[in-house]
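I have placed the structure first, in the form of structure tokens, so that the comments after it can refer back to it.
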Amino acid sequence: MNILIEWLGILGRWAHVLFAITWIGTSFYFNWLDLSERKPKAPTLKPNVEGEVHEMHGGSFYYHERFWPTGDNPRTLAHSGPAQFTFLTGLFLVAYFYWRGPSVYLIPPGSALTVVEAVILSGLALLLPWLIYHQTCKRVQSDTAVLCAMAVVVTVASFVLTRVFNPPAAFVHVGAMLGTIMAANVQYVIIPNHIRMRRQVQAGQEVDLTFHKLAKRRSQHNNYMTLPVLFGMLSAHFPLATSSELSWAILVLVMAALFTLRHYRNVQLRTDRKPRALLGLAGALLACGIGLSFVPRTAAVEDRSALSAADARIHDIVQTRCAVCHATTPSFDGFTVAPNGVHLETMAEIEVRKDQIMTLAIASDLMPPGNLTEMTDAERRELADWLAARGAVTLDLE
Ligand code: HEC
């Protein structure tokens, strides 16, 4: 059964990435099409042509016209399925990794949050930003004002979530809240307006451009959110960024840099000029984010003189066999930051992870990996007794 559940996670991730690249690929393509089109110079196939594009791909020539339909038109296809499937598979993954086992991935050991509170907070983190964004868009016409509101939302969410959740989970949540906004834009604004426009065309009426403008605005917002979302989603692979004490600021700065990079590209496509100032700004924001990861992390130091002989012995074992990697500044070759953000430098840090240590170093020999630090069986037994005396239990690893 556990093996089948594991496969569900594997297939869920695969499907999520597949739907996401299909959705974003199409969305990037149409954004490129819109910005690359130019006014036609010669007679066009359709009436009311706003712009045309000639392109080549995969050994073929293509010709597109963007037009406002009049009268009878062949069936018009829409692109929407992948957005909803990306959201649904994403929600499945949040539930699978964070809501099903929140004590492992979502909240750090020793967290004041109960499992139920953590799950509610996780759900709110996905839902609330959409409500704020949607209401702001409905009330405010200026996109700059919407951007400012969202910058505040992202900053507050990054700050709060990196404090209550494991930092990698916090990064994924900030990415997922923007992803939720994108999918909700498709579902609740873009598609309904497409349907309205299609009905008008079918009824032989002129298309009401207000519907076009509503859909176009949200589609543009989605385009700008894409690069930041990707950064949030992949953060489980960036321990350098997530383990910093300033991880929230790194997340905000990198997201701002990627947003600016997207703007640079869009302006470039629309005008055929390279707005170097925007590229410079994106570079500067990224450099600030990278710079913050150089800020030395303050290591918690154990006051060994206050330890009992038994505790000092355990501290010794863990420092030589584990903390060479699991430290603020690891000494083991090839490690720049504590793996998975797990620090084992003080007795408090060790005690808070007692169940994980019992599971990985006693019930199994997963840690130290490949027994690289040559932990002896006698040391494992000593550690096991100490952990058992503190009520440590073996976790279900699945
Ligand atoms: C050579 C470096 C190294 C040493 C030594 C080492 N670890 Fe790890 N540890 C890692 C790496 C790498 C990971 C991340 C593994 C992964 O995500 O698959 C990890 C992950 C962990 C985790 C987190 C698991 C999770 O699911 O997040 C714990 C807890 C842990 N180690 C405990 C220990 C203990 C206890 C020791 C000593 C008995 C130890 N480690 C020694 C490299 C090391």
Side-chain angles (χ1 to χ4, degrees), residues 2 5-6 9-10 13 93 96-111 115 118 162 165-173 233-244 247 297 299-300 302 311-398:
N2 281 353
I5 292 176
E6 190 71 18
I10 296 174
R13 275 189 154 133
L93 291 176
Y96 182 92
F97 287 104
Y98 298 133
W99 297 351
R100 192 176 58 114
S103 51
V104 181
Y105 291 113
L106 188 57
I107 46 177
S111 163
V115 166
T162 46
F165 291 165
N166 275 326
F171 274 45
V172 170
H173 273 78
M233 292 300 169
L234 295 176
S235 63
H237 306 287
F238 315 147
L240 181 68
T242 53
S243 70
S244 161
S247 63
R297 286 168 282 251
E302 183 62 65
D311 279 0
R313 171 75 189 134
I314 294 302
H315 192 247
D316 273 342
I317 295 176
V318 175
Q319 296 319 290
T320 35
R321 306 305 182 199
C322 314
V324 286
C325 297
H326 291 287
T328 310
T329 313
S331 55
F332 203 89
D333 220 15
F335 286 84
T336 322
V337 291
N340 287 22
V342 173
H343 294 243
L344 299 174
E345 288 163 290
T346 64
M347 292 312 278
E349 286 168 344
I350 299 168
E351 182 145 8
V352 118
R353 301 228 176 233
K354 59 183 194 264
D355 297 342
Q356 271 183 310
I357 299 176
M358 190 71 147
T359 312
L360 298 172
I362 309 296
S364 75
D365 56 3
L366 288 169
M367 287 293 140
N371 205 12
L372 282 172
T373 47
E374 297 170 0
M375 192 171 186
T376 65
D377 289 344
E379 285 168 340
R380 276 191 214 267
R381 275 195 301 276
E382 280 180 74
L383 185 58
D385 291 344
W386 185 89
L387 291 167
R390 274 152 192 81
V393 293
T394 306
L395 300 168
D396 187 1
L397 271 184
E398 285 184 351

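Note that the coordinates shown come from a computational prediction; the quantities given were computed from them, not determined experimentally. Start at 1 and go down the list; that is how both ligands and their atoms are numbered.
To the nearest 0.5 Å, atoms CD (Glu351) and CZ (Arg390) are separated by 5.5 Å. Rounded to the nearest 0.5 Å, atoms CD1 (Ile350) and CD1 (Ile357) are 6.0 Å apart.
Across all non-hydrogen atoms, the minimal contact from Ser247 to Thr242 is CB-O, 3.5 Å.
You'll find the side chain of Phe171 stays beyond 4.5 Å of the side chain of Leu234, heavy atoms only. Side chains of Val318 and His326 form no contact here, defined as non-hydrogen atoms less than 4.5 Å apart. Considering only heavy atoms from C-beta on, Asp311 stays 4.5 Å or farther from Glu302 through its side chain. Put simply, the side chain of Thr373 reaches to within 4.5 Å of the side chain of Phe332, judged on heavy atoms.
Of the protein's heavy atoms, Pro339 CB, 3.4 Å lies nearest to atom 13 (C) of ligand 1. Residue, atom and distance of the protein heavy atom nearest to atom 5 (C) of ligand 1 are Arg321 O, 3.2 Å. Atom 32 (C) of ligand 1 has as its closest protein heavy atom Met367 CG, 3.6 Å. Given atom 23 (C) of ligand 1, the protein heavy atom at minimum distance is Val342 CG2, 3.5 Å. Protein heavy atom nearest atom 43 (C) of ligand 1, with residue, atom name and distance: Pro369 CD, 3.3 Å. With respect to atom 29 (C) of ligand 1, the closest heavy atom belonging to the protein is Leu360 CD1, 3.6 Å. Looking only at protein heavy atoms, the nearest one to atom 31 (N) of ligand 1 is His326 NE2, 2.8 Å. Cys325 SG, 3.3 Å is the protein heavy atom nearest to atom 4 (C) of ligand 1.
Distances from atom 36 (C) of ligand 1 to the heavy atoms of Ala338, Pro239, Cys322, Gly334 put Cys322 nearest.
Contact annotation: Tyr105 has no heavy atom less than 4.0 Å from any atom of ligand 1. Residue Leu366 places every heavy atom at 4.0 Å or more from ligand 1.
By the criterion of a heavy-atom distance under 4.0 Å, neither the backbone nor the side chain of Val318 is placed next to ligand 1.
Of the protein's heavy atoms, none falls inside 4.0 Å of atom 18 (O) of ligand 1.
Residue Asn340 has at least one N or O atom closer than 3.5 Å to an N or O atom of ligand 1.
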